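All remarks here apply to the structure that follows.
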Amino acid sequence: MKQNDKKLSRGLIHYKPVEAVFFNQSTLELAKILLGCLLVKETDEGTASGFIVETEAYRGPLDRAAHSFNNRRTKRTEVMFAEAGRVYTYVMHTHCLVNVVSGEIDLPEAVLIRAVEPYEGIDLMLKRRGGTAMKNVTSGPGKLTKALGITMEDYGRRFDEPPIYIAPGFTPEDISTGPRIGIPNSGEAKDYPWRFWVSGNMYVSK
DNA sequence: TCACTGATACGA
DNA sequence: CGTATCAGTGAC
């Protein structure tokens with residue numbers, strides 16, 4: 001197997017899913033602690049994974065930018081009302097985006113995974129992304145789902161068991177925070193510093 | 001910079 | 001039915 005990428009060196013050899021209790025913390029804490037964790041997806045084509053380097057917190061009832069604002073409950077947002085650790089996928093235009101459900105049952109909050117640093121299955125990810133430049137393979141919420149093979153079939157699954165799960169990864173040296181992206185019509189909510197990323201990481205979305 | 005894509009939800 | 005949304009791409 002060719003190791004054609006220098007960013008493979010995180011010193012991580014074995015990994016397994018986190019325990020379910022990992023998800024039992026506030027949405028803002030979870031959004032930060034997820035940075036550096038490994039997001040793994042297993043499919044018939046093989047396993048692909050990447051370190052999470054950018055997240056955004058969405059806090060249902062009090063967040064105008066969230067799909068679940070004011071407890072809006074539809075077929076799409078239903079899983080956000082479930083227990084933390086569920087997979088919330090939805091389709092935006094032609095792209096599928098993936099979130100980690102957080103918060104207590106009936107508190108519809110979630111963490112959007114915006115970017116990952118490719119780790120395992122890089123050839124597979126490049127193939128799925130049509131041979132785009134390495135630095136663009138997973139540097140955006142729609143890009144990483146395509147690269148990892150995450151689809152609406154993952155909706156409602158749990159992030160603590162295959163075929164899709166979170167595993168411990170590396171500890172970021174420094175974390176940056178700032179306003180979220182792509183939510184211009186959300187009143188005050190657009191200014192909340194609920195976007196988190198690994199400082200200086202080249203795979204953070206532009 | 002801009003337009004096209006075209007799932008889903010919501011309001012008219 | 002028209003419009004907006006937690007984008008990405010490719011043509012200018």
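As the structure is a computational prediction, the values presented were derived from the model and not from experiment. In what follows, every chain begins at residue 1, and chains take the letters A, B, ... in the order their sequences are listed.
Between the side chain of R129(A) and the main chain of N136(A), a donor-acceptor pair closer than 3.5 Å is present.
When distances are taken from the side chain of R76(A) to each of dT8(B), dG8(C), dC6(C), the shortest belongs to dT8(B). Out of dG8(C), dC6(C), dT5(C), the shortest distance to the side chain of H93(A) is found at dT5(C). The side chain of Y58(A) lies closest to dC6(C) when the candidates are dT9(C), dA7(C), dC6(C).
Considering only heavy atoms from C-beta on, D106(A) comes within 4.5 Å of F81(A) through its side chain. Using a 4.5 Å heavy-atom threshold, the side chains of R114(A) and Y203(A) count as separate. Proximity of T43(A) to P163(A): side-chain heavy atoms (C-beta onward) are nowhere separated by under 4.5 Å.
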* Asked: Stepwise, does the side chain to side chain contact (heavy atoms under 4.5 Å, CB included) test hold for V116(A) with M125(A)?
  -> CA-CA 12 Å; V116(A) 305; M125(A) 287 191 265; 5.8 Å; no
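Between the C1' atoms of dT1(B) and dC6(C), the separation comes to 23 Å (whole Å).
Regarding contacts with the backbone of dC10(B), a side-chain N or O of R72(A) is found under 4.0 angstrom from either OP1 or OP2. Look at R114(A) and you'll find a side-chain N or O under 4.0 angstrom from OP1 or OP2 of dA7(C). Listed pair T94(A) / dG6(B) fails the phosphate criterion, with no side-chain N or O lying under 4.0 Å from OP1 or OP2. For the pair K206(A) and dG8(C), the criterion of a side-chain N or O lying under 4.0 Å from OP1 or OP2 is not met. Put simply, R64(A) has no side-chain N or O that comes within less than 4.0 Å of OP1 or OP2 on dA4(C). OP1 or OP2 of dC6(C) has at least one side-chain nitrogen or oxygen of H67(A) nearer than 4.0 Å.
Nucleotide dA9(B) holds its C1' atom 15 Å from the CG atom of N70(A), rounded to whole Å. Between the CZ atom of R128(A) and the P atom of dG8(C) there is a distance of 17 Å, rounded to whole Å. Rounded to a whole Å, the CD atom of E78(A) is 16 Å from the P atom of dT8(B). For the pair M92(A) CE and dT5(B) C1', the interatomic distance rounds to 12 Å; values are reported in whole Å. Rounded to an integer number of Å, the gap from OH of Y90(A) to P of dC6(C) is 6 Å. A straight line from CG of N136(A) to P of dG10(C) spans 10 Å, rounded to a whole angstrom. If you measure from atom CE of M152(A) to atom P of dT8(B), you get 6 Å, rounded to the nearest angstrom. Atom P of nucleotide dC6(C) and atom CD1 of I181(A) are separated by 13 Å, given to the nearest angstrom.
A cation-pi arrangement is not found for R64(A) relative to Y192(A), the charged atom failing to lie both closer than 6.0 Å to the ring centre and inside a 45° cone about the ring normal.
Backbone-only contact: I183(A) has heavy atoms under 4.0 Å from sugar-phosphate atoms and none from a base. Residue R180(A) is out of contact with every strand shown, counting any heavy-atom pair closer than 4.0 Å.
Pairing partner, dC6(C): none, since no Watson-Crick or wobble contact has both distances short of 3.5 Å. Shown here, dG6(B) forms no base pair; nothing in the strands shown gives a Watson-Crick or G-U wobble contact with both key distances under 3.5 Å.
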